[in-house]
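What follows is a single structure, written as structure tokens, with notes after it.
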Amino acid sequence: MPTDRIPEAVLSRIWNEGWHSRELRTTDGRRVAVVYRGVWTHSNGPDFRDAMIEIDGRLAQGAVELHVRESDWVSHGHQFDTAYDAVILHVVLENDLLHPSSGPAGAAIPTVKIAPFLHGSIEQFMSTIVPLDLGNLGQRACLPTLAGERPEEIRSVLRREGWRRLVQKQLRFQQEMMARSAGETLYRGMLDSLGLSGNRSGMEAVADRLPLIMIERIAVELGVKGLSAAFLGTGGFLPLSPGHQALVSEQTVDTSQIESCWQALVQEYGLSLTSAPVWNLNRVRPLNHPARRLASMAGLLNVAAADGLLAYLMRLPLDDGASWDRWLASAQPAIGESRRRQIVVNTLAPFVAAYADATGDQSLMEQIGVVWEQLPGGVDDDVARKTIKQIVGERRFQVRSALEVQGLHQIGRQGCAHLRCFECPIAALAVQFEEQRFSG
Ligand code: SF4
């Protein structure tokens, strides 16, 4: 069975039931004996607490964390989470990292690849599992009682899932940085966020035709007029129709100058007058129209022109996201608050984390971890709205941070959309706390 189809809960069961040899080996060859497997927490933080493990003859007491892939340690954000300081052993099915993962305190964690030590195949083990009775979960609100009595329990799950989602975004940037420069990766990420959700491929086509090195040269030589001409022309919006003119009318530059500038750019930079990207304009609100978004991007790059995009971003103070937001809010045409938040969460915050990791900047890594915790957020999109309703029903529940919103997206997209309640952390809470549901 492919490892990506094995739920983490199955690994926890294997560990809980001791369905493996008593003696194991770490990936770096040390002998491991499980003296006591620990207490399965079914909750936030490490999977098992108070375990006793002997490693090369030395007894250690602490927590055990299990993952399908070793890299899940990073993608779940445990390296930043002090709750994982207590982990003494990392148990994985697949070790896909070159070096063992490190805890929040920076020390490498002994890692065991468990597959060779199991009593049989994962399929054999799974065939022995009697499914958990989840009652009518998914048909009605999942945690209305807990939302009223102990909302912090729900917040804690949302934050943990939010970390998981943000780290996945960070890893995507890290991967992209292996193929492209950091600045180009950032630039494409910003265009991608501006294209959300129906016009991402159009924005990608613009980025392909207008690489950062070219657009930054245009920024220095021609300022916002050149930038607007390059983006709108490459996007296929020139000459501007009266409707498109109205969309970008907040720009300070005269639209007739944009058109003549585009002709010059075609000559000098070999930009194409044909093969414009394909845009999805069906039911797109004027504020989200790609012509307007491209004009806003021109404004943002113009502000950053003297430093270059990457240097400009890295020079902004790492506060609670306020400096990033001020820059985004300076764009003309204006970018609305909700879209600015999306750009921060989808691009700027995970990009800076990826950059810190790629450059080995530990201090920046720690700072960005703090920023992630502080970013403000609210329920202002359909996925978050539906998921919170699914979890708390009609109860009042205030979502306060971007991390919580990301948690709602993670649960909504990975869980509710496919009714994967059997591996959803909200279901684990429901089994514990929503007794009436399961007894009624
Ligand atoms: S996936 Fe989670 S939040 Fe969604 S319905 Fe199932 S238990 Fe509830």
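All values derive from a computational prediction rather than experimental measurement. Note that ligands are numbered from 1 as they come in the structure, with each ligand's atoms numbered from 1 the same way.
For ligand 1 and G415, the ligand atoms under 4.0 Å from any heavy atom of the residue are 1 (S). When each atom of ligand 1 is checked for a heavy atom of Q390 under 4.0 Å away, the hits are 5 (S). Near C142, meaning under 4.0 Å from one of its heavy atoms, ligand 1 places the atoms 3 (S), 5 (S), 7 (S), 8 (Fe). Listed by number with element, the atoms of ligand 1 under 4.0 Å from a non-hydrogen atom of I411 are 3 (S).
Counting heavy atoms of neighbouring residues, nucleotides and ligands inside a 6.0 Å radius, atom CD of E394 does not exceed 12 of them. More than 12 non-hydrogen atoms from other residues, nucleotides or ligands lie less than 6.0 angstrom from CG of L281.
With a 6.0 Å cutoff to the six-membered ring centre and a 45° limit on the axis angle, R180 does not count as a cation-pi contact of Y187.
In terms of heavy atoms, A334 sits closest to R292 at O-NH2, 3.2 Å.
Because the distance cut-off is set at 2.8 Å, C424 fails to qualify as a neighbour of atom 6 (Fe) of ligand 1, as none of its N, O or S atoms comes that close. Put simply, C416 gets within reach of atom 4 (Fe) of ligand 1, with an N, O or S atom under 2.8 Å from it.
A salt bridge between R340 and E337 is absent, with no side-chain N of the basic residue lying under 4.0 Å from a carboxylate O of the acidic one.
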